[in-house]
Visitor: 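Mind looking over this structure? Questions follow.
Chain identifiers are assigned alphabetically (A, B, ...) following the order of the sequence lines, protein sequences preceding nucleic acid strands; residue numbering begins at 1 within each chain. Keep in mind it's a predicted model, so treat the numbers as computed, not measured.
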Amino acid sequence: MSETFQAPRGTRDIFPPESDRWRALAAAFADHVSLAGYGQVIPPMFEDLAVFSRVGESTDVVRKEMFVLAARDGEAHQALRPEQTASVCRMFAQHRPPLPWKAWYAGPNFRYEKPQKGRYRQFDQVGLEVLGPDDADVDVEVIALAWRFYERVGLRQVRLLLNSLGDGPGRVRYVEALRVHFGAHLDALSEASRETLAQNPLRVLDSKRPEDAALVAAAPQLADYLSEPDAEHFARVRRGLDALGIPYQLEPRLVRGLDYYTRTTFEFAADALDAAQNAVGGGGRYDGLVADLGGPAVPGVGFALGVDRILLACDAEGAFPPPRAGVEVFVVSTTPGTEAVELCDELRRAGVRVDRAFDGRSMKSQMKAADRSGAVVALLIGDREAAERVVTMRPMHGGEQRTVGRDDVLRELRPMLDGPSGADH
RNA sequence: GUGGCCGUAGCUCAGCUCGGUUAGAGCGCCAGGUUGUGGCCCUGGAGGUCGGGGGUUCAAGUCCCCUCGGUCACCCCA
């Protein structure tokens with residue numbers, strides 16, 4: 001067993017029909033956000049280490065979960081991306097596309113974590129970002145697009161958690177208040193949280209350790225520290241969501257794992273998901289990130305949705321089954337000639353989905369293969385058919401088989417194939 | 001990084017408690033029963049260094065130690 005290779009820890013090999021489902025989900029997302037004017041961007045899968053460092057020196061993502069690439073000189077300057085928001089902002093800072101800039105993306109990210117259900121070292125996300133507008137309506141649009149996407153794939157048991165982290169002076173005062181609050185009870189705080197406090201007091205609120213629960217509950221409320229504009233912004237976000245009938249749950253302790261978030265933050269929890277990792281998406285505003293990456297002071301807001309977890313949640317809810325795949329026609333040939341290769345080629349060029357058997361197996365064996373392929377029709381070419389330039393068409397789900405002229409196959413076949421499920425996807 | 005549970009055919013598992021002749025089943029795969037025809041049925045076949053290493057023993061899939069891997073959870077997050 002030690003001689004055989006296997007996929008690296010935390011990665012998975014995906015086969016049909018699951019891979020068909022992945023493709024369908026990505027296609028659904030592309031279609032979904034195209035309707036709202038977003039264009040796809042494809043950033044590289046690795047970046048300068050510093051690009052990701054900007055998302056937060058104090059975060060686990062940066063401190064211990066980065067897949068750092070060893071360069072030839074032995075120095076580490078680059079890393080596989082742990083998320084794509086930073087890459088997209090770097091793209092913006094570098095190329096300066098016109099504002100507002102609405103971009104979506106899809107693809108794998110990498111975090112060096114210990115795997116468990118719903119958490120992998122390579123995981124796929126689809127997401128989008130809007131750079132430029134400061135308008136709360138953009139926050140609403142972004143959240144709504146995520147919410148409607150879950151609806152679109154058929155998920156029902158998703159909860160939207162919403163918070164505002166504030167920004168500017170209010171944020172500074174709040175962080176200071178937290179530092180004072182937790183600092184006064186250091187001995188009551190868990191070891192891990194004491195360390196977090198030194199790095200980023202906000203994130204202590206995120207602690208789920210039981211020993212911290214009382215202190216976290218007694219902590220100052222962020223809402224009391226929001227500046228007037230930030231409070232107004234947040235109110236507008238909520239009003240927009242109300243208008244769209246999108247339910248949300250205010251979660252004052254939702255600070256999220258990346259340091260760049262300001263003001264609106266949100267997360268989507270899949271309640272049907274029987275796993276500890278039940279966040280199927282999240283995002284928020286990051287008004288300072290582009291500037292941190294050397295760009296202009298342009299505000300931004302966006303989200304990322306976890307493809308792996310969405311699909312797990314779909315499993316739990318019986319939603320989004322794999323699309324029909326496979327072929328419609330199967331060619332069975334027991335002749336030594338080129339009839340089968342020619343027939344397959346002709347039909348495929350006409351857009352018919354065709355497979356066949358190889359290695360000169362017996363007709364019985366090939367018929368079994370035809371059955372397994374899911375084809376609606378089998379086309380048989382034995383010595384008799386070859387000699388007479390004809391093909392026997394056998395319906396696989398009942399009906400009389402008949403023999404037609406070789407040149408009439410395509411025309412005779414068409415009515416036997418059930419329309420739309422045919423040539424597309 | 002820490003902890004619980006689990007590693008026997010391609011897959012799902014029995015056998016391990018109380019060590020003992022050629023390690024089993026179902027499904028899947030291949031072939032035959034029908035010398036040109038699938039699904040059901042019947043028969044046969046291929047396929048396993050029992051995760052790896054060490055130890056105990058006359059004898060280890062079975063007992064002990066180590067190790068690797070998987071999985072779930074903590075932490076954190078998609």
Side-chain angles (χ1 to χ4, degrees), chain A residues 1-12 15 55-56 58-65 81-85 106-127 146 190-193 195-196 203-204 206-210 212 254-258 266-270 273-283 303-313 330 332-335 357 359 361-387 392-398 401 403:
Chain A
M1 204 56 108
S2 56
E3 294 295 301
T4 68
F5 291 106
Q6 55 184 315
R9 171 173 294 206
T11 69
R12 290 155 310 144
F15 288 82
V55 314
S58 70
T59 63
D60 286 355
V61 168
V62 170
R63 293 198 311 153
K64 23 183 232 204
E65 298 171 3
R81 66 185 182 208
E83 55 125 34
Q84 289 174 73
T85 300
N109 304 302
F110 307 86
R111 292 183 196 172
Y112 192 86
E113 299 184 272
K114 192 137 174 198
Q116 70 187 76
K117 188 167 187 178
R119 184 165 74 186
Y120 310 100
R121 288 184 172 183
Q122 176 179 331
F123 61 100
D124 259 59
Q125 287 183 332
V126 294
S190 68
E191 172 77 40
S193 288
E195 197 177 324
T196 307
R203 310 204 64 256
V204 177
D206 211 22
S207 167
K208 289 158 194 99
R209 284 169 280 269
D212 294 336
L254 179 70
V255 300
R256 307 201 30 83
L258 302 166
F266 53 90
E267 199 165 291
F268 298 94
L273 200 41
D274 177 29
Q277 311 301 332
N278 72 340
V280 290
F303 66 67
L305 314 183
V307 172
D308 314 70
R309 290 186 188 174
I310 288 175
L311 259 15
L312 281 173
F330 198 93
V332 169
S333 166
T334 56
T335 72
D359 289 338
R361 292 176 182 279
S362 69
M363 183 161 286
K364 174 174 181 166
S365 167
Q366 293 192 46
M367 282 303 296
K368 284 189 176 192
D371 188 48
R372 277 191 296 256
S373 77
V376 179
V377 181
L379 300 180
L380 316 198
I381 307 171
D383 293 329
R384 285 206 300 272
E385 285 86 351
T392 295
M393 305 177 58
R394 179 176 176 81
M396 297 301 285
H397 309 314
Q401 77 178 32
T403 297

Visitor: What is the pairing partner of G38(B), taking Watson-Crick or G-U wobble pairs with both distances under 3.5 Å in any strand?
Guide: none
Visitor: Both conditions, 6.0 Å and 45 degrees, for the charged tip of Arg121(A) above the ring of Tyr112(A): are they met here?
Guide: yes
Visitor: Measuring only the C1' atom in each nucleotide, how far is C29(B) from C11(B)? A whole number of Å is fine.
Guide: 12 Å
Visitor: Show the nearest heavy-atom pair for residues Gln122(A) and Pro108(A), with the distance to one decimal.
Guide: NE2-CB, 3.6 Å
Visitor: Please report the distance separating the P of G61(B) from the corresponding atom of G54(B), rounded so that it comes out in whole Å.
Guide: 14 Å
Visitor: Considering every strand and a 4.0 Å limit on heavy-atom distances, what is the contact class for Lys364(A): base, sugar-phosphate, or nothing?
Guide: base
Visitor: Between C13(B) and U22(B), how far is it from one P atom to the other, in whole Å?
Guide: 28 Å
Visitor: Expressed as a whole number of angstroms, how long is the span from Gln366(A):CD to G38(B):P?
Guide: 12 Å
Visitor: Tell me the interatomic distance from Arg9(A), atom CZ, to G1(B), atom P, rounded to whole angstroms.
Guide: 8 Å
Visitor: Could you state the atom-to-atom distance from CZ of Arg121(A) to C1' of G1(B) in whole Å?
Guide: 11 Å
Visitor: What's the gap between A78(B) and C66(B) when it is taken at their C1' atoms, as a whole Å value?
Guide: 37 Å
Visitor: By nearest nucleotide on RNA chain B, pick out whichever of Asp308(A) and Met367(A) is the more 5' one.
Guide: Met367(A)
Visitor: Write down the distance between CD (Glu65(A)) and P (G1(B)), rounded to a whole number of angstrom.
Guide: 13 Å
